[in-house]
Amino acid sequence: MLPRRTLVYNLTMEAKAKLLLVDDEIAITDRLAPFLSRAGFEVKVAADGEAALQETISYAPDLIVLDVLMPRLNGREVLRQLRQKGDWTPIILLTQVGESGERAMALMEGADDYINKPFDPNELVARIKTILRRSSPGQPPLTLAERLKCGDLVVDRTRRRAYLDAVEIDLSPKAMSLLEYLITHPDELLSRERLLDAVWGWDYPIGTRTVDTRIAELRRVLGDDPGDPCYIETIPGEGYRFIGKVEKTT
Amino acid sequence: MKWWGWVLALLPAGAGILIAILATNEFTANPTLYLRGNLAALAFLGGVIISGMIIASAQFWIRSQRRHKKEIQAVQKQASEDRRQFLQRLDHELKNPLTAIQAGLTNLTIEPLADHLAEEVSAVQTQVQRISRLVADLRKLAALERAPVEKVVVNMADLLTDVVSAVKDQPSTKERQITLILPHAPWPLPDIEGDPDLLLLAIHNLLDNAAKFTTPGDTIEVRAFDDGSDIVIEVADTGAGIPQTEIAQVWEELYRGERARGVPGSGLGLPLVRAIIEKHGGSVELRSRPDQGTVFSVHLPAK
């Protein structure tokens, strides 16, 4: 019974989800707000960081799409202030910086996801839906957890180490970053391009081969059978998905 | 030499001339001086003075060279910083309008459009995506130049085998003869330290470039060897070649040579190769003869 109830809950959540779109560029909000409405969301627009903070109280959005560079109060500051007072409303940052270091920092500060401008609006909708599906309201996202557990696998994100059956496993730095990204995005279909962009910081065509090589490395070290996986599932023609129940641990 | 260098150098000469004039004109008698000394003392003194002069001038020369080199480096650093800032500003100014255009175009296609309109919208969409891609690629290149490089042991022989087999599968290399020549005797190619994913990307770009400027029937040869301190990787082709006047520019962002017109590409492939190799402490160069072909060489420090 439980899974069915969750499904119904999620569907109604999606149908009525309230979005707050924060960007100082009217040319963008005027085009994007109607698009998001048509995609089935209730949308409100805020033109700067201060307005955004006020709207989070009066409008109580289910998710905030937040631009970074804005007058008065920038997006990063809005994110920090909300998280400091314990407000865990999911946030997608529209980043102005393409560097993976900066993006990693945004995630460490408590953003749920980010998307680089310019983006395909359909991609934004897909990300919003994914986050609404996974987020447990009022809870810090997995991207903020220091230690995560999935079955016998434990990933210590602060020390950047992983353990299988309490034994440390040997991973290359890239494979470790990939595992970290996968385990913080469980149940999400992650395309090779998206993994490249998020973990490597570039997504040139040859890179899809690179992703496959690292996934193979992870599977080998984790002893995961691609035919009957416990951790990483291949979605033919689309990408990969981290399966298995992920929990925060200490 | 700086002006004060000349003053110092000519000071003894000036003093001599002054004393000579004074002695000839002002003094009633121009006294003759006889200096007596033994040969040993004279040789010693002469030797010391000449050595001193040589050392002083060499020091002076080395110092001015060093200063000159520093000045050039500072100018180059400033130029690359300016270029980076310019690209960042360009990126920043383009991405908001592009985001609005993409959203607007997507709004247009929500309702079914008449055929001729649908065609127009789709053409505009393709062009917007092209600019977006360019903006993203420029940004990635700038990010790469600043990001630290991962250091793991890389077996270049395996990596080259992997890239060559990947490239052979691509339609762009159809009917080109691609060969890989790796050393086996007396020892195989030494390992290097670096980021295998980025190195793969760099070598792939060189091969991709070679494929673009060759035609069916041409040969592409990938050769690797070590010269004692470096690993040298050469990607040689029997393609169109590059005119001498263009050779220096092909490593620059967005440069598209005469022969590159009509060949698809962003003008960012080779700059990316250079950025990656230089991040690994290596260097890139090329030799080319029009209508005969081109050799791209990559030097990477061996482990």
Side-chain angles (χ1 to χ4, degrees), chain A residues 21 23-39 67-69 94-104 115-125 171-178 196-197 199-214 217, chain B residues 88 91-92 94-111 125 128-129 131-133 135-144 146-148 150-154 159 162-163 165-167 169-170 195-198 200-205 207-208 266 268-269 272 276:
Chain A
L21 175 62
D23 198 320
D24 60 315
E25 284 274 332
I26 298 167
I28 292 176
T29 49
D30 277 0
R31 316 265 94 65
L32 212 50
F35 179 81
L36 293 171
S37 303
R38 259 195 303 265
D67 188 31
V68 173
L69 281 190
L94 302 181
T95 49
Q96 298 282 340
V97 273
E99 284 168 69
S100 41
E102 289 276 345
R103 291 175 303 192
I115 190 163
N116 280 320
K117 282 183 176 177
F119 52 83
D120 176 356
N122 292 303
E123 173 70 14
L124 177 64
V125 168
L171 287 172
S172 69
K174 268 288 145 49
M176 182 66 216
S177 305
L178 179 61
L196 269 176
D197 182 54
V199 178
W200 279 263
W202 46 268
D203 59 351
Y204 300 99
I206 184 70
T208 52
R209 201 179 169 90
T210 300
V211 176
D212 295 344
T213 314
R214 295 284 167 228
E217 179 188 341
Chain B
Q88 213 167 28
D91 180 35
H92 184 70
L94 286 176
K95 71 177 95 185
N96 277 333
L98 280 171
T99 307
I101 295 171
Q102 279 205 3
L105 281 170
T106 314
N107 284 339
L108 276 181
T109 51
I110 287 199
E111 306 281 323
Q125 240 161 358
V128 170
Q129 273 158 13
I131 306 175
S132 302
R133 180 81 210 178
V135 169
D137 282 353
L138 277 171
R139 190 189 311 161
K140 279 175 218 152
L141 191 61
L144 188 79
R146 265 172 298 170
E150 182 182 307
K151 291 251 184 236
V152 294
V153 176
V154 183
L159 190 140
D162 196 22
V163 190
S165 89
V167 168
D169 293 342
Q170 286 173 7
D195 183 329
D197 303 334
L198 285 180
L200 182 107
L201 179 61
I203 306 297
H204 177 266
N205 270 10
L207 274 160
D208 208 33
S266 62
L268 290 172
L272 185 71
I276 292 173

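Lettering of chains follows the sequences in order, A, B, ..., and the numbering in each one begins at 1.
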Over all atoms of both residues, closest heavy-atom pair of A:Pro121 and B:Ala103: CG-CA, 3.6 Å
When rounded to the nearest 0.5 Å, the distance separating CD1 of B:Ile101 from CZ of A:Arg31 is 10.0 Å
Applying side chain to side chain contact (heavy atoms under 4.5 Å, CB included) between A:Lys117 and each of B:Asp91, B:Asn96, B:Leu94, report the one that passes. B:Asn96
So do A:Arg38 and B:Asn107 actually touch side chain to side chain, heavy atoms under 4.5 Å? yes
Side chain, backbone, both or neither: which part of B:Ile110 has an atom under 4.5 Å from a heavy atom of chain A? side chain
Highest number of heavy-atom pairs under 4.5 Å with chain A among B:Leu141, B:Val163, B:Leu272, B:Asp208 belongs to B:Leu272
CG on B:Leu200 to OG1 on A:Thr213, rounded to 0.5 Å: 7.5 Å
Separation between CD1 of A:Ile28 and CG of B:Leu98, rounded to the nearest 0.5 Å: 9.5 Å
B:Asn205, part contacting chain A, at a heavy-atom distance under 4.5 Å: neither
Checked B:Leu201, B:Asp197, B:Thr106 vs chain A; the most non-hydrogen pairs under 4.5 Å come from B:Asp197
State, with a plain yes or no, whether a side-chain heavy atom of B:Asp195 is found less than 4.5 Å away from one of A:Lys174. yes
Go through B:Val135, B:Leu105, B:Asp137 and name the one with the most non-hydrogen pairs under 4.5 angstrom from chain A. B:Asp137
Should A:Glu25 and B:Thr99 count as side-chain neighbours, where that means a heavy-atom distance under 4.5 Å? no
Is it the backbone or the side chain of B:Gln102 that comes under 4.5 Å from a heavy atom of chain A, or both, or neither? both
Any chance you could measure B:Thr109, atom OG1, to A:Asn122, atom CG, to the nearest 0.5 Å? 7.5 Å
Candidate list B:Lys95, B:Gln129, B:Arg133, test side chain to side chain contact (heavy atoms under 4.5 Å, CB included), partner A:Pro118, passing option: B:Lys95
